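The structure appears below as structure tokens.
The shown structure was predicted, so the numbers you read here are calculated from the model rather than taken from an experiment.
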Amino acid sequence: MSNFKKRMESYRRHPGSFLLFLLVMLSALATFVVLLFLIAYILIKGVPNLKPSLFSWTYTTENASMLPSIVNTLIMTVLSLLIAVPLGIFSAIYLTEYAKKGNKLVAVVRLTTETLSGIPSIVYGLFGSLFFVTYLKWSYSLAAGALTLAIMILPLVMRTTEEALKSVPDMYREGSFGLGAGKLRTVFCVVLPSAIPGILSGVILSIGRIVGETAALIYTAGSIPQIPFSIMGSGATLAVHMYNLSKEGLYTDQAYAVAVVLLLLVLLINWVSSRIGSVLCHSNSAE
């Protein structure tokens with residue numbers, strides 16, 4: 001109670017601070033209300049339309065099954081992360097730990113990263129269509145979609161990993177060097193484990209972008225709701241499947257049901273990633 005009175009007295013002396021406090025609180029409240037409204041709207045519209053036929057192994061015009069699209073989404077996510085995460089992490093390690101200050105190559109790489117992060121997804125889709133689908137003659141395939149998404153999320157992984165590495169205190173490095181460890185051992189045994197929470201946040205954001213992407217995948221992976229026999233086959237992800245159902249106008253109820261599953265899938269992936277991050281953090285602190 002005394003702290004509240006002191007805060008009110010400080011706001012009387014500084015009305016601008018009180019106005020800024022109100023704006024911050026209103027912004028946070030508006031964000032929470034919008035998120036709550038979207039989640040409630042999707043659940044109210046979609047949950048009543050969830051039926052066992054939507055989880056049939058094969059898609060038909062009668063059941064409008066989403067199960068093939070769920071499998072394709074998981075495959076697309078794993079393939080894209082396997083390509084983008086190692087490249088992004090190693091690039092960030094070079095920029096942060098090995099590149100000398102004032103290096104022109106570092107400036108070029110960072111400028112390229114910022115440029116790539118600002119390109120719309122439809123442009124990535126057109127590039128993937130022209131290069132992977134047409135020039136390399138891969139046709140519509142999960143491989144073409146995964147490589148396109150890997151290029152799209154690479155700047156995000158690089159930037160978050162770079163900031164996570166920079167947040168590691170220099171005394172960790174100095175202590176490792178003082179104990180006789182080399183540069184490579186210090187980076188991979190001391191610096192990188194300490195930066196895992198920040199790296200995982202970038203991976204989680206990348207997963208969210210992969211799962212919710214449509215424009216880049218329509219031109220590369222295709223829109224056929226089937227499970228391909230290989231990564232060189234065509235298949236629609238969950239977001240593309242939902243777009244197709246809503247676009248046709250005949251399966252609006254099923255589209256809302258797909259939106260519910262997509263929402264739950266994103267929440268599940270974020271929860272699993274956060275749990276993995278917390279376990280790794282506890283193991284690092286124990287060591």
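- A distance-only check finds a donor-acceptor pair linking the side chain of Ser246 to the backbone of Tyr243 [under 3.5 Å].
- Listed by chain and number, the residues in a side-chain hydrogen bond (donor to acceptor under 3.5 Å, both in side chains) with Tyr256 are Tyr41 (sequence neighbours excluded).
- Checked by atom type and distance alone, the side chain of Ser129 never pairs as donor or acceptor with a backbone atom of Gly125 at under 3.5 Å.
- For the atom pair Leu263 CG and Leu267 CG, the distance stands at 4.5 Å (nearest 0.5 Å).
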request  = List the steps, then state whether side chain to side chain contact (heavy atoms under 4.5 Å, CB included) holds for Met152 with Ser121.
outcome  = CA-CA 8 Å; Met152 188 170 65; Ser121 59; 3.9 Å; yes
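- Taking OG1 of Thr220 as the reference point, atom CZ of Phe127 lies at 11.0 Å (rounded to 0.5 Å).
- The stretch residues 105-134 participates, sequence neighbours left out, in these salt bridge (Lys or Arg N to Asp or Glu O under 4.0 Å) pairs: Arg110-Glu162, Glu114-Arg159.
- Proximity of Val191 to Leu165: side-chain heavy atoms (C-beta onward) are separated by under 4.5 Å at one or more points.
- With sequence neighbours excluded, the residues satisfying side-chain hydrogen bond (donor to acceptor under 3.5 Å, both in side chains) with Asn63 are Thr60.
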inquiry  = Evaluate Val157 against Leu81 for side chain to side chain contact (heavy atoms under 4.5 Å, CB included), listing each step before the verdict.
reply    = CA-CA 10 Å; Val157 177; Leu81 292 179; 5.9 Å; no
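- In the hydrophobic clustering of this structure, Ile44 does not group with Val258; members are Ile, Leu, Val, Met, Phe, Trp, Tyr whose side-chain heavy atoms approach within less than 4.5 Å, directly or through other members.
- With sequence neighbours excluded, the residues that form a side-chain contact (heavy atoms from CB on, under 4.5 Å) with Leu43 are Ile39, Val47, Val260.
- Residue pairs meeting the salt bridge (Lys or Arg N to Asp or Glu O under 4.0 Å) criterion with at least one member in residues 172-182, sequence neighbours excluded: Glu97-Arg173, Asp170-Arg173.
- Here the side chain of Asn72 pairs a donor or acceptor atom with the backbone of Gln226 at under 3.5 angstrom.
- Within the 3.5 Å criterion, the main-chain N or O of Val133 finds no donor-acceptor partner in the side chain of Ser139.
- Residues meeting the side-chain hydrogen bond (donor to acceptor under 3.5 Å, both in side chains) test with Ser234, sequence neighbours left out: none.
- When hydrophobic residues (I, L, V, M, F, W, Y) are linked wherever their side-chain heavy atoms come within less than 4.5 Å, the members clustered with Leu156 are Leu205.
- Note: Tyr140 OH to Ile224 CD1 = 9.5 Å, rounded to the nearest 0.5 Å.
- Side-chain contact between Ile93 and Tyr98: present, with at least one pair of heavy atoms (C-beta onward) separated by less than 4.5 Å.
- With contacts defined as side-chain heavy-atom distances shorter than 4.5 Å, the pair His241/Tyr59 qualifies.
- Residue Leu217 holds its CG atom at 10.5 Å from OG of Ser223, rounded to the nearest 0.5 Å.
- To the nearest 0.5 Å, atoms OG1 (Thr148) and CD1 (Ile153) are separated by 11.5 Å.
- Remark: Ile70 CD1 to Thr237 OG1 distance equals 11.5 Å, nearest 0.5 Å.
- Here Leu82 sits in one hydrophobic cluster together with Val78; the rule is ILVMFWY side chains under 4.5 Å apart, joined directly or through other members.
- Counting only heavy atoms from C-beta outward, the side chains of Leu79 and Leu149 never approach each other to under 4.5 Å.
- Clustering ILVMFWY residues whenever any of their side-chain heavy atoms sit less than 4.5 angstrom apart, transitively, puts Ile42 in the very cluster that holds Leu35.
- When all heavy atoms of Tyr251 and Ala64 are compared, the closest pair comes out as CD2-CB, 4.1 Å.
- Each of Leu38 and Leu238 belongs to its own hydrophobic cluster when Ile, Leu, Val, Met, Phe, Trp and Tyr are linked at side-chain heavy-atom distances under 4.5 angstrom.
- Partners of Leu105 according to the side-chain contact (heavy atoms from CB on, under 4.5 Å) rule, which considers only residues two or more places apart in sequence or in another chain, are Tyr94, Asn103, Val109.
- Other residues sharing the hydrophobic cluster of Phe229, ordered by chain and number and joined by side-chain separations under 4.5 Å: none, the residue standing alone.
- With hydrogens and angles disregarded, no donor-acceptor distance shorter than 3.5 Å links the side chain of Ser176 to the backbone of Tyr172.
- In this structure, Leu130 has no side-chain contact (heavy atoms from CB on, under 4.5 Å) partners at least two apart in sequence or on a different chain.
- Nearest approach of Pro68 to Ser56, heavy atoms of both residues: CD-O, 3.9 Å.
- Taking the salt bridge (charged side-chain N to carboxylate O under 4.0 Å, His left out) definition, one finds that Lys247 meets it with nothing, sequence neighbours left out.
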